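Shown next, in structure tokens, is the structure this report addresses.
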Amino acid sequence: MKPRVLLLSQDVHCIPPLTGAAVEQWIDAVAHRLDGCESHIVSPGHPLRPDDETLDRVRYHRIRVGRVYKRLFQKLSRLDPWSYTDRVIRYAAKIRPDIIHLHNAPHFADALKKGVPQARLILHMHNEKDVSFAGPVDALVGCSEYVSRWYQARQAPAKEFAVLPNGVDTAAFHPAPERRSSVCARFGVPAERFIVLYAGRISPEKGPDLLAEAFRHLPAERFHLVLVGEWPQGDGRSNQRVAFADQLRELLSGMPVTVLGNFPPTEMAAIYRMGDLLVIPSRFEEPFSMVAIEAMASGLPVLALRRGGMVEYMVDGENALLLDPNVAAADLAAAIERCAHDGVAAQRRAGKARQLVEARFDWRQVAGATQALYEQVLARRG
């Protein structure tokens with residue numbers, strides 16, 4: 001009999017995600033490739049999705065929380081008498097999972113261990129968070145060695161530590177240079193220029209302002225910047241991210257730039273085909289970077305700063321270009337110019353990057369490693 005696995009994350013995004021949500025993408029992609037398991041996914045509800053459905057053998061249970069409940073209990077009184085975790089536990093009692101694979105929600109760990117004591121609990125972290133849960137969990141997984149070491153250094157309560165990377169559908173994300181002009185035309189981007197692509201949150205730690213500053217040093221008649229990502233909404237006087245976004249808009253004024261919004265995962269393959277270069281100018285230690293391996297799978301050359309988990313698979317000069325994490329805007333601009341000048345070398349690196357992703361980060365490899373971890377955790381006594 002196949003082991004039964006319950007996969008879930010925080011109570012934020014519906015699964016499958018309707019917009020960019022890397023953690024939820026991971027859950028959905030891997031669940032459909034766990035041939036040796038019976039996969040159940042729990043997520044928040046959405047008006048466009050039924051509360052319960054089965055797609056390709058994966059069973060989805062979506063939890064709807066009404067507006068009145070949210071306002072009365074979660075926002076005003078904060079009592080939350082019938083919490084999201086309570087509802088997850090109720091569903092778990094029905095299906096009796098052998099494993100609960102919990103993503104990026106350490107604050108759920110203690111309640112799930114207590115409420116579903118027969119299940120092995122795997123806590124899968126995609127970035128750095130507080131480790132105050134009592135534990136121990138049966139395994140604490142990082143999306144990279146960098147993240148795993150971060151939790152080990154803080155003595156997170158876990159019986160073992162492991163790494164399961166992010167992945168990509170290499171059949172959907174693949175080189176298709178002949179489609180570039182049509183994608184550029186779709187979004188009004190000048191295909192005759194060297195297109196520099198940024199994909200990610202519009203927030204200070206991601207460094208889009210550094211890339212914007214670099215563009216001040218590049219000739220506008222040759223280069224064009226495309227920003228893809230979620231722009232924060234609200235009042236800049238009370239929200240730092242909104243204030244940053246407002247400042248970035250001012251910085252971009254008059255520049256050769258196209259600003260696009262957030263796209264669902266199914267649209268991103270076309271976005272990467274539009275670019276000549278993906279730049280990842282992050283100021284913080286990137287835990288892994290999903291956009292990096294998506295771009296690499298798509299045959300798009302990558303230029304990044306030496307940060308976090310990216311250095312575990314990017315090799316400078318071989319499959320990417322890596323710069324000092326404290327690079328100045330002028331030096332970043334010079335590196336972009338080098339990429340534009342030597343297209344043959346850039347495409348050679350992009351070819352090596354595609355080979356790397358096929359060998360290590362296709363969802364089939366990630367699912368196989370996940371299933372092996374499940375077997376290891378279930379085989380352990382105690």
Side-chain angles (χ1 to χ4, degrees), residues 1-9 15 22-42 57-59 88-89 92 95-106 108-129 131 133-168 287-288 290 293 309 312-313 357 359-382:
M1 185 176 177
K2 293 181 179 180
R4 188 169 292 164
V5 181
L6 174 59
L7 301 99
L8 72 152
S9 183
I15 302 175
V23 174
E24 288 75 14
Q25 279 182 253
W26 195 105
I27 292 172
D28 197 56
V30 170
H32 283 271
R33 293 166 175 82
L34 292 173
D35 296 331
C37 301
E38 179 186 309
S39 298
H40 294 251
I41 293 176
V42 173
R57 298 178 291 108
V58 176
R59 301 175 189 181
V88 172
I89 290 167
I95 67 168
R96 296 189 60 80
D98 300 287
I99 290 175
I100 296 177
H101 193 158
L102 174 64
H103 289 253
N104 244 33
F108 290 176
D110 290 334
L112 290 173
K113 280 184 66 68
K114 181 180 179 181
V116 197
Q118 83 281 359
R120 302 294 173 91
L121 180 60
I122 295 173
L123 177 59
H124 190 151
M125 298 306 300
H126 298 257
N127 50 30
E128 305 98 320
K129 288 192 175 185
V131 291
F133 61 95
V137 295
D138 291 281
L140 195 153
V141 174
C143 63
S144 62
E145 291 285 354
Y146 165 77
V147 171
S148 183
R149 288 194 300 268
W150 191 91
Y151 283 99
Q152 291 178 59
R154 285 151 184 80
Q155 300 182 329
K159 294 178 182 178
E160 70 170 296
F161 293 87
V163 175
L164 291 173
N166 290 339
V168 62
F288 183 90
M290 180 77 87
I293 60 170
E312 296 168 24
Y313 59 88
V357 173
R360 290 178 55 184
F361 300 127
D362 184 274
W363 283 124
R364 291 169 296 179
Q365 277 80 31
V366 178
T370 302
Q371 197 154 299
L373 177 64
Y374 290 169
E375 293 169 0
Q376 179 180 325
V377 168
L378 289 172
R380 187 196 307 126
R381 296 183 178 181

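A quick note: this is a predicted structure, and the numbers were derived from the prediction, not measured.
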Handout entry: Donor-acceptor contact present, side-chain Arg33 to main-chain Ala29, <3.5 Å
Key = yes
Practice task
Look only at the side chain of Lys2 and the backbone of Ser39, and say whether a donor-acceptor pair between them is shorter than 3.5 Å.
Solution key: no
Handout entry: Worked check of side-chain contact (heavy atoms from CB on, under 4.5 Å) between Gln371 and Cys37
Key = CA-CA 8 Å; Gln371 197 154 299; Cys37 301; 4.0 Å; yes
Handout entry: Side chain Ser148, main chain Val163, donor-acceptor under 3.5 Å
Key = no
Problem - More than 12 heavy atoms from other groups under 6.0 Å of CZ on Arg149 - result: yes
Exercise for the section: List the atom of Asp138, the atom of Arg120, and the distance in Å for their closest heavy-atom pair. Expected result: OD2-CA, 3.3 Å
Practice task
Inspect the surroundings of CD in Gln118 and state if more than 12 heavy atoms from other residues, nucleotides or ligands are less than 6.0 Å away.
Solution key: yes
Problem - Salt bridge present between Asp98 and Arg4 (N-O < 4.0 angstrom) - result: no
Practice task
Indicate yes or no for a side-chain donor-acceptor contact from Arg154 to the backbone of Trp150 under 3.5 Å, with no hydrogens or angles considered.
Solution key: yes
Exercise for the section: Please test Ile99 against Ile122 for side-chain contact (heavy atoms from CB on, under 4.5 Å), starting from the C-alpha separation and ending with a verdict. Expected result: CA-CA 7 Å; Ile99 290 175; Ile122 295 173; 4.0 Å; yes
Problem - Centroid separation Phe288 to Tyr146 less than 6.0 Å - result: no
Completion exercise
Closest non-hydrogen contact found for Lys129 with Tyr151 is N-OH, 2.8 Å
Handout entry: Distance, nearest 0.5 Å, that separates CD of Gln365 from CZ of Arg360
Key = 11.0 Å
Problem - Val357 vs Asp362 side-chain heavy atoms within contact, under 4.5 Å - result: no
Handout entry: Distance, nearest 0.5 Å, that separates OG of Ser9 from CH2 of Trp26
Key = 11.5 Å
Practice task
List the atom of Leu8, the atom of Val42, and the distance in Å for their closest heavy-atom pair.
Solution key: CB-O, 3.5 Å
Exercise for the section: Please report the closest heavy-atom contact between Val141 and Leu164, naming both atoms and the distance. Expected result: CG1-N, 3.5 Å
Practice task
Measure the spacing between CG of Leu6 and CD1 of Ile95 and express it to the nearest 0.5 Å.
Solution key: 5.0 Å
Problem - Heavy atoms of other groups near Lys114 NZ, more than 12 under 6.0 Å - result: no
Practice task
To the nearest 0.5 angstrom, please state how far the CD1 atom of Ile89 sits from the NZ atom of Lys113.
Solution key: 12.5 Å
Exercise for the section: Taking the six-membered ring for Trp and the single ring otherwise, decide whether the centroids of His32 and Trp363 are under 6.0 Å apart. Expected result: no
Problem - Test item: Asp110 side-chain N/O and Ala134 main-chain N/O as donor-acceptor pair under 3.5 Å - result: yes
Exercise for the section: Salt-bridge test for Arg57 and Asp35: reply yes if a basic N is under 4.0 Å from a carboxylate O, no otherwise. Expected result: yes
Problem - Side-chain heavy atoms of Cys143 within contact of Met125, under 4.5 Å - result: no
Practice task
Step by step, work out the side-chain contact (heavy atoms from CB on, under 4.5 Å) result for Phe133 and Phe108.
Solution key: CA-CA 8 Å; Phe133 61 95; Phe108 290 176; over 6 Å; no
Handout entry: By side chain to side chain donor-acceptor pair (under 3.5 Å) - contacts of His103 (at least two apart)
Key = His101, His126
Problem - Heavy-atom closest contact (Pro97 atom, Ala119 atom, distance) - result: O-CB, 3.4 Å
Exercise for the section: Tell me, with the steps shown, if Ile41 and Asp28 meet side-chain contact (heavy atoms from CB on, under 4.5 Å). Expected result: CA-CA 8 Å; Ile41 293 176; Asp28 197 56; 3.9 Å; yes
Problem - For Pro3 against Gly36, the heavy-atom pair lying closest together - result: CD-O, 3.3 Å
Handout entry: Pairwise side-chain contact, Asn127 with Asn104, heavy-atom cut-off 4.5 Å (strictly under)
Key = yes
